[in-house]
Protein chains: 2
Amino acid sequence: MELPIKISKDSREPIYHQIVNQFKALIAGGQLPTGTPLPSIRALSKDLEISIITTRRAYQDLEVQGFIKTLQGKGTFVAELADDLKQEVKVSSVHKIMENAINTAINYDYNLEQIKDIFLEILHTYPKGKGDN
Amino acid sequence: MELPIKISKDSREPIYHQIVNQFKALIAGGQLPTGTPLPSIRALSKDLEISIITTRRAYQDLEVQGFIKTLQGKGTFVAELADDLKQEVKVSSVHKIMENAINTAINYDYNLEQIKDIFLEILHTYPKGKGDN
DNA sequence: TATACTGTGTATATAAACATATACACTATA
DNA sequence: TATAGTGTATATGTTTATATACACAGTATA
């Protein structure tokens, strides 16, 4: 599987944190089941064009948070996680980032109707995926 | 006017950058017209419970980007900005953060229909403001 | 009109967080 | 046992945030 990990070096969010968030999403979202091997820190570093240490830092964070397990010399794998915990992470993370987007739009003096229109317009530019009804 | 500047110390986004973004929103959104005095770096530092230097850093960034003018000993004021430039900042900033929210939701394996429902549900929890129709 | 005071922004030195290059150690296998 | 894969540790530079001391502008008042 080709991992859809994308980072932005221009963003003010630390690179290691962008990586952590995206793996959390893939794991909590169920796209990476228990036991799935993650890319090696070298492979991911090369892919994202960042340092090995930064990738390692991200994997360490994910391990501390219980999302993955690392085995020296062997690799890094998705850890076992309770389904309700995954669901909790999924719901709260998306909720939080949606609120953040709305708050920013309000700060820019858009009203609720305008915010709805803008959001739907952007959403319509996304191609329908296989999971969509 | 009571400025609605809010920062999160837990966020991974640098504090000075949070401040910059929010002032950009207020200025580009037209809520702070040309010449409006900003709070002094000390007043804002005290209000947000952060260091003077961090506030200053934010104001310096805003000045470099042309949003404000600082006069030593006098204070800091909203600079003159072309309306179409304000509009451009407004549209692109909101567009960007909306896309970011959608991309995160997709990473968590929500489909487009679900994303729309979640967004509208959250939007409905916001009170209607005076600018709303 | 001198000067003290209180407001404003500014500069220097220091600590913590983030990102890196380089060298090291463990695991599997040809 | 050599080699190519994995994760790990040490030393270093950059970015972010801070405390403290400094300089300029306006004003009250002796």
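Values in this document were obtained by computation on a predicted structure and should not be read as measured data. A note on names: the letters A, B, ... follow the listed sequences, proteins ahead of strands, and every chain is numbered from 1.
Between the NZ atom of B/K74 and the C1' atom of D/dT27 there is a distance of 14 Å, rounded to whole Å. When rounded to the nearest whole Å, the span between CD1 of B/I41 and P of D/dC24 equals 16 Å. If you take CD of B/E49 and C1' of D/dA19, they are 17 Å apart, rounded to a whole angstrom. Distance CD1 (B/I19) to P (D/dA17): 9 Å, rounded to an integer number of Å. Here D/dT16 presents its C1' atom at 16 Å from NE2 of A/H17, a figure rounded to the nearest Å.
Nearer the 5' end of DNA chain D, as judged by each residue's closest nucleotide, is the contact made by A/G75, out of A/G75 and A/R12.
The base of D/dG5 is not paired with the side chain of A/R42 by any donor and acceptor separated by under 3.5 Å.
Atom CD of B/E121 is surrounded by 12 or fewer heavy atoms from other residues, nucleotides or ligands within 6.0 Å.
Using a 4.0 Å cut-off on heavy atoms, the residues of residues 50-70 of chain B that approach DNA chain D are B/I50, B/S51, B/I53, B/T54, B/R57, listed by number.
Note that the first and last nucleotides of DNA chain C, 5' to 3', having any atom under 4.0 angstrom from a heavy atom of chain B are C/dG7 to C/dC18.
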Inset, instruction - Check step by step if side-chain contact (heavy atoms from CB on, under 4.5 Å) holds for B/L123 and A/L112. - result: CA-CA 7 Å; B/L123 196 63; A/L112 300 187; 4.2 Å; yes
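Note on residues 71-86 of chain A: no pairs pass side-chain hydrogen bond (donor to acceptor under 3.5 Å, both in side chains), not counting sequence neighbours.
The two atoms that bring A/T55 and A/S45 nearest to each other are OG1-OG, 2.8 Å, heavy atoms only. Closest heavy-atom contact between A/N107 and B/Q31: O-NE2, 2.7 Å.
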N/O donor-acceptor pairs under 3.5 Å from side chains in residues 90-106 of chain A, not counting sequence neighbours:
unit_1, atom_1, unit_2, atom_2, d
A/K90, NZ, B/Y108, O, 3.3
A/S92, OG, A/E88, O, 3.0
A/S92, OG, A/V89, O, 3.4
A/S93, OG, A/V89, O, 2.7
A/S93, OG, B/Y108, OH, 3.1
A/N103, OD1, B/Y126, OH, 2.8
A/N103, ND2, A/E99, O, 3.3
A/T104, OG1, A/N100, O, 3.0

Distance-only criterion, 3.5 Å: show the donor-acceptor pairs between side-chain atoms of residues 12-28 of chain B and protein atoms not counting sequence neighbours.
unit_1, atom_1, unit_2, atom_2, d
B/R12, NH1, A/Y16, OH, 2.2
B/E13, OE2, B/H17, ND1, 2.9
B/E13, OE2, B/N21, ND2, 3.0
B/Y16, OH, A/R12, NH1, 2.2
B/Y16, OH, B/R57, NH2, 3.2
B/Q18, OE1, B/S8, N, 2.8
B/Q18, NE2, B/S8, O, 2.9
B/Q18, NE2, B/E13, O, 2.9
B/Q22, OE1, B/K6, N, 2.9
B/Q22, NE2, B/K6, O, 2.4
B/K24, NZ, B/Q65, OE1, 3.3

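A/I53 pairs by the side chain to side chain contact (heavy atoms under 4.5 Å, CB included) definition with A/S51, not counting sequence neighbours.
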